[in-house]
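Letters A, B, ... are given to chains in the order of the sequence lines, protein chains preceding strands, and every chain is numbered from 1. As the structure is a computational prediction, the values presented were derived from the model and not from experiment.
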Number of protein chains: 2
Amino acid sequence: MKPVTNSSHPTIRDVARHAGVSPGTVSRVLNNSPLVKETTRQRVWEVIESLNYTPNLIARRLSLGKSLRIAVIVPFFTRPAEVERLRGVVNHLAHTQYDLVIHNIETPEQRATDLAQIPYREWVDGVLVISLPPEEEFLPRLKTAEVPIVFVDVHHPELRDFDLVNGDDVRGGYLAARHLIDLGHRRIGFIGDLPDHPLGFTSSRDRFEGFRNALAEANIPYDSNYHAESVHGQYLAQMLAEKMLTLPSPPTAIFAASDTQAMGVLTAARHLRIPVPEHLSIIGFDDIQVAEYLGLTTIRQNLYASGKAGVELLLERMIDPKIERRVVEIPNELIIRSTTFPPNS
Amino acid sequence: MKPVTNSSHPTIRDVARHAGVSPGTVSRVLNNSPLVKETTRQRVWEVIESLNYTPNLIARRLSLGKSLRIAVIVPFFTRPAEVERLRGVVNHLAHTQYDLVIHNIETPEQRATDLAQIPYREWVDGVLVISLPPEEEFLPRLKTAEVPIVFVDVHHPELRDFDLVNGDDVRGGYLAARHLIDLGHRRIGFIGDLPDHPLGFTSSRDRFEGFRNALAEANIPYDSNYHAESVHGQYLAQMLAEKMLTLPSPPTAIFAASDTQAMGVLTAARHLRIPVPEHLSIIGFDDIQVAEYLGLTTIRQNLYASGKAGVELLLERMIDPKIERRVVEIPNELIIRSTTFPPNS
DNA sequence: ATGAAAGCGCTAACAG
DNA sequence: CTGTTAGCGCTTTCAT
């Protein structure tokens, strides 16, 4: 064959020839084997540098039987929250010999093919799944996968055997509601995602659960008028909020399951000329970048840390698959800014 | 050797044995070679499926002498604008057999090592450089690189030989200033990045150039009081704006070289209780996602399209390195929202 | 301490 | 149409 090989690159054999040693020795030098005479090592290194030789990673991978790659499977990776997690992943991985392959998932079909095939077809050494609950039918395959898999920000009862990195959405929702209740609010609305998201996201549902817990604890009865859900998005949240705020007895505070949706609520208030926070308190979730600009009170998740923790767990497990299973919890934090205030009526 | 090979994977030889053919034939089947009998093809496919065989890409790469990977070198990839470009890249690449390796650059040192080494050490088949002007000393290496390199959003006089995808920042700046001038503004401020950015970004400078052109064309003299620069960032832009707006004769409009900086200007106006747009018009650049929420008038760059165009050029050149050099221009567009208005005085 | 040689899984030239 | 074979560049036993 005549491979379209990257042309003029010297190979390990060239180095060996120039240094008057065997390829094996050069390999040993490259891998810092202790069993090579100091003078030889020197000579080899000199040749390596004069030839500007760099090992071919692909050959190395094949020979080692390792791909030196990890895959990250992430939905809508341009969303602010996912990007921040990814940054944690990318930056941490930059110090290692591992490559990152990003699989962006935007439909259930994509998830199906990627989750099912990646561990096999792509020959990766590890997989990081972010924010993406697996479908039931793939669970068995995942459990018997030959490569380690770590889940970040996915809550699923069947993941008891995997390393996990999670924020506590239930607790986050509780913190948000608690804050409003402590301020004196009793009529509190919730705006979140539909519970049956095609990709099965659970965060909105869990945040709502925490929210309800806090209300129950404060003996505030659940009122379905104060509960609205739609497909994720700022504009739809705005519609829901406008409806809720024109109720005969509107809420004095609204908890949005994400900052994006909180922005929709802010717009609704502006349209209806309801002063925030004087007549309406608003709290979001995530603490995405604009939240600070908007002065939005919110629940912060340390997204960068969660991405970083995910790779760390994965790399450790790749080194030793038998270590005990770990669950890392990334704590949420209430960030009080200027959209929450005691109720006015 | 005893490679930690991905354990139980069948190889091409297993398939061959089970199908009673040679590995070569299996390879031909896999690669859709026309020179294989239909019945054989069928039989081989059956075995492939029953064995759940999938080819080892690493071996394939080594044998082909191609890495089937492309590298993208991008600064601060979490910035909204870069993310959007990346999405164009990732989504377009998902349909191909190529992997993406992301190199996030945040310092000149990182750029130096990555730009210099990637084409060699990493064995990639192509490189996409986003928003990152090369340092002079690396230009020769880039020009003689063995792999195709495409630059997206980098303006540099020495890039005459490369495929390029660019927005026209000068024209964008012109459009922005022109819009303000057409509204009747004469005292127009500019807030942008420092011209000597360590990574050599040129966009702010070019936008300013277009801005000045428009002013000159309208016979508005340049006033250095209305010109302020600092390190990129919302808060610093806010400081500059506050200073500019408390001048004895403050500008009636401000052009910020990015939406992020425009947000700083908005904050400054709010602090100083200057009504926008009645007493102060503000126009930004980029049309990042929040711009719409804020009602910010801005210059839109079609970022997704630029990322996509970048990979397309790259893939085409990888197929045929001898095609004529191309320059794709992604047009800017003035998006008028509610932060610009005729001057009030 | 070093060389020789086999092998990772695949492709492609060559022969038939 | 198909089998055989060499080889991609590297690592790692096994000898010496």
**OP:** Pick base, sugar-phosphate or nothing for A:T11, based on heavy-atom distances below 4.0 Å to the nucleic acid.
**Re:**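 Result for A:T11 = sugar-phosphate.
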Original post:
Hey, does A:V26 reach any base, or is it just sugar-phosphate, or nothing, if we go heavy atoms under 4.0 Å?
Top reply: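 Counting heavy atoms under 4.0 Å across all strands, no contact is made by A:V26.
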Original post:
Passes side-chain contact (heavy atoms from CB on, under 4.5 Å), B:D161 versus B:R325? Steps please.
Top reply: CA-CA 7 Å; B:D161 300 330; B:R325 177 247 191 179; over 6 Å; no
Verify the contact: side-chain N or O of [X] to OP1 or OP2 of [N], cut-off strictly under 4.0 Å; return yes or no.
X: B:T40; N: D:dC1; result: no
X: B:S27; N: C:dT11; result: yes
X: B:S22; N: D:dG3; result: yes

Subject >> Sidechain N-carboxylate O distance under 4.0 Å for B:R69, B:D125 >> reply: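 Looking at B:D125 together with B:R69, the answer is no, because their closest N to O distance does not fall below 4.0 Å.
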**OP:** Using a strict 4.0 Å threshold on nitrogen-to-oxygen distance, state whether A:E82 and A:R79 make a salt bridge.
**Re:**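 No, A:E82 and A:R79 are not salt-bridged.
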Could you check how far [atom1] of [X] sits from [atom2] of [N], rounded to whole Å?
X: A:R13; N: D:dA6; atom1: CZ; atom2: P; result: 15 Å
X: B:R28; N: C:dC10; atom1: CZ; atom2: C1'; result: 13 Å
X: A:R17; N: C:dA4; atom1: CZ; atom2: C1'; result: 17 Å
X: A:I58; N: D:dT11; atom1: CD1; atom2: C1'; result: 16 Å
X: A:D14; N: D:dC8; atom1: CG; atom2: P; result: 11 Å
X: B:R43; N: D:dC1; atom1: CZ; atom2: P; result: 14 Å
X: A:R61; N: D:dT11; atom1: CZ; atom2: P; result: 12 Å
X: B:N56; N: C:dG7; atom1: CG; atom2: P; result: 18 Å

[X] side-chain proximity, nearest of [options]:
X: A:T25; options: D:dG3, D:dT11, C:dG3; result: C:dG3
X: A:L35; options: D:dG9, C:dA1, C:dC10; result: C:dA1
X: A:S63; options: D:dG3, C:dA12, D:dC10; result: D:dC10

Original post:
Do other residues, nucleotides or ligands put more than 12 heavy atoms under 6.0 Å from B:K37 NZ?
Top reply: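 Result for NZ/B:K37: open.
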Subject >> Side-chain touch A:L313/A:V328, heavy atoms, less than 4.5 angstrom >> reply: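 Result yes, sub-4.5 Å side-chain heavy-atom pair found.
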Original post:
Nearest nucleotide by nearest heavy atom, which residue falls closer to the 5' end of DNA chain D, B:R41 or A:Y53?
Top reply: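 That would be B:R41.
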